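Quick note: numbers below take in every heavy atom, side chains included, and nothing from hydrogens, waters or symmetry partners. As the structure is a prediction and not an experimental result, all values here were calculated from the model.
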Amino acid sequence: MSDDAAPWLIVGLGNPGPEYAGNRHNIGFMVADLLAERIGGKFKAHKARAQVVEGRMGPPGPANRRVVLAKPMTYMNLSGGPVTALRDFYKVPLERIVAVHDELDIDYPTLRLKLGGGDNGHNGLKSMTKSMGPDYHRVRCGIGRPPGRMQVADFVLKDFSSTERKELEWFVDRAADAVECLISEGLERAQSAYNS
């Protein structure tokens with residue numbers, strides 16, 4: 001299979017289970033859910049310990065891409081296993097893998113896209129990088145830093161505040177747009193349109 005025929009693998013990072021659904025750490029799942037809705041698919045269980053939706057994304061014509069949307073079902077710090085298994089199953093080159101995740105060092109609700117780099121203490125990225133190396137795309141959804149002395153772990157596992165929730169739908173929508181732009185128009189175009 002030529003690289004051109006290979007699909008893109010878009011991984012929303014989060015923790016499975018209803019108790020985590022509204023957490024800051026689960027913004028990747030929220031974006032994946034919206035993208036699945038946009039392509040008219042429903043998540044189904046995959047043997048790689050993930051839920052996946054296959055479909056097409058982007059405008060009609062050459063920029064229309066085959067995509068696999070995935071939500072690892074292993075908990076954040078073990079995300080690398082399912083992502084690597086999906087990469088192998090769908091024969092996806094590393095540069096066609098996109099991780100959508102929360103980012104502490106970026107203010108809420110700010111987006112940044114990049115290719116490669118460190119994990120910045122993010123356990124989902126740490127696990128993916130350990131499994132595959134760092135050279136995949138990231139759509140980084142800023143959640144800001146915890147207030148006062150709150151521990152990072154407590155902060156990311158809390159739901160968005162009522163003030164944040166006013167902008168959450170817009171933010172998730174914008175992140176989904178950024179993913180679509182990255183896939184159909186490339187990283188530079190997506191960065192100039194969405195990096196704020």
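Taking the six-membered ring where the residue is Trp, His46 and Phe89 present perpendicular rings, their angle passing 60° and hence far from 30°.
Between atom CD of residue Glu188 and atom CG of residue Leu115 there is a gap of 11.0 Å, rounded to the nearest 0.5 Å. Note: Asp102 CG to Ile143 CD1 = 4.5 Å, rounded to the nearest 0.5 Å. Atom-to-atom distance recorded for Arg65:CZ and Leu182:CG is 10.0 Å, nearest 0.5 angstrom. Separation of atoms CG (Asp159) and CG (Leu168) is listed at 10.0 Å; rounding is to 0.5 Å. The structure places NE2 of His122 at 7.5 Å from CD of Glu103, a figure rounded to the nearest 0.5 Å. Interatomic distance, CZ of Phe171 versus OG1 of Thr110, reported as 6.5 Å (0.5 Å rounding).
The shortest distance between side-chain heavy atoms of Val11 and Pro72 falls below 4.5 Å. The shortest distance between side-chain heavy atoms of Arg140 and Leu111 does not fall below 4.5 Å. The closest side-chain heavy-atom distance from Met132 to Arg87 is below 4.5 Å. Looking at heavy atoms from C-beta onward, Leu13 lies out of side-chain contact with Val100 at the 4.5 angstrom threshold. Here the side chains of Lys114 and His137 are not in contact, with every heavy-atom distance at 4.5 Å or above.
Residues Leu86 and Val67 fall into different hydrophobic clusters, defined by Ile, Leu, Val, Met, Phe, Trp and Tyr side chains chained together at heavy-atom separations under 4.5 Å. Ile39 and Val52 fall into different hydrophobic clusters, where Ile, Leu, Val, Met, Phe, Trp and Tyr side chains are chained together by heavy-atom contacts under 4.5 Å. The same ILVMFWY cluster, assembled from side-chain heavy atoms under 4.5 Å apart, contains both Val179 and Val53. Residues Tyr194 and Ile106 are members of separate hydrophobic clusters, defined by side-chain heavy-atom contacts under 4.5 angstrom among Ile, Leu, Val, Met, Phe, Trp and Tyr. A chain of hydrophobic side-chain contacts below 4.5 Å, direct or via other Ile, Leu, Val, Met, Phe, Trp or Tyr residues, connects Val156 to Tyr20.
Remark: the backbone N or O of Leu157 is paired with a side-chain donor or acceptor of Asn23 at under 3.5 angstrom. With hydrogens and angles ignored, the 3.5 Å screen pairs no side-chain donor or acceptor of Asn26 with any backbone N or O of Gly14. With hydrogens and angles disregarded, no donor-acceptor distance shorter than 3.5 Å links the side chain of Ser79 to the backbone of Gly124. Between the Asn15 side chain and the Met76 main chain, a donor and an acceptor come within less than 3.5 Å of each other. Side chain of Asn195 to backbone of Leu113: a donor-acceptor contact under 3.5 angstrom is found.
Between Tyr108 and Phe160, the distance separating the two ring centers is shorter than 6.0 angstrom. Between His25 and Phe155, the distance from one ring center to the other does not fall under 6.0 angstrom.
Taking all atoms of both residues into account, the shortest heavy-atom contact from Leu9 to Ala70 is CD1-CB, 4.0 Å. Closest approach of Cys141 to Ala175, counting heavy atoms only: SG-CB, 4.0 Å. Of all the heavy atoms in Ala36 and Phe43, the pair that sits closest is CB-CE1, 3.6 Å. Leu125 and Tyr136 get closest at one heavy-atom pair: O-OH, 3.3 Å. Heavy-atom minimum distance, Gly117 versus Pro134: O-CB, 3.5 Å. Closest heavy-atom contact between Leu69 and Leu35: CD1-C, 3.7 Å.
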(request) Decide ring-ring contact (aromatic ring centres under 6.0 Å, His included) for His101 and Phe29; before the verdict, give the C-alpha distance in whole Å, the side-chain angles of both, and the deciding distance to 0.1 Å. (result) CA-CA 8 Å; His101 63 91; Phe29 273 19; over 10 Å; no
(request) Go through Glu164 and Arg24 one step at a time and tell me if the salt bridge (charged side-chain N to carboxylate O under 4.0 Å, His left out) criterion holds. (result) CA-CA 10 Å; Glu164 288 169 334; Arg24 292 183 177 95; 3.0 Å; yes
(request) Please test Val152 against Leu104 for side-chain contact (heavy atoms from CB on, under 4.5 Å), starting from the C-alpha separation and ending with a verdict. (result) CA-CA 9 Å; Val152 164; Leu104 288 159; 3.5 Å; yes
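Scanning for side-chain contact (heavy atoms from CB on, under 4.5 Å) contacts around Glu185 gives Cys181, Arg189, with sequence neighbours left out.
The number of heavy atoms from other shown groups lying within 6.0 Å of NZ (Lys130) does not exceed 12. Few gaps surround CD on Glu19; more than 12 heavy atoms of other groups in view lie less than 6.0 Å from it. Counting non-hydrogen atoms of neighbouring residues, nucleotides and ligands closer than 6.0 angstrom, the CD atom of Glu167 exceeds 12 such neighbours.
For the side-chain contact (heavy atoms from CB on, under 4.5 Å) with Ile10, the qualifying choice from Val139, Ile183, Val68, Ile97 is Ile183, the only one to do so.
Ionic pairing of Arg145 and Asp105 is present here: one or more N-O contacts between side-chain nitrogen and carboxylate oxygen are shorter than 4.0 angstrom. Taking the charged nitrogens against the carboxylate oxygens, Arg38 and Glu180 do have a contact shorter than 4.0 Å, which makes a salt bridge. Salt bridge present: Lys71 and Asp33 bring a charged side-chain N and a carboxylate O closer than 4.0 Å.
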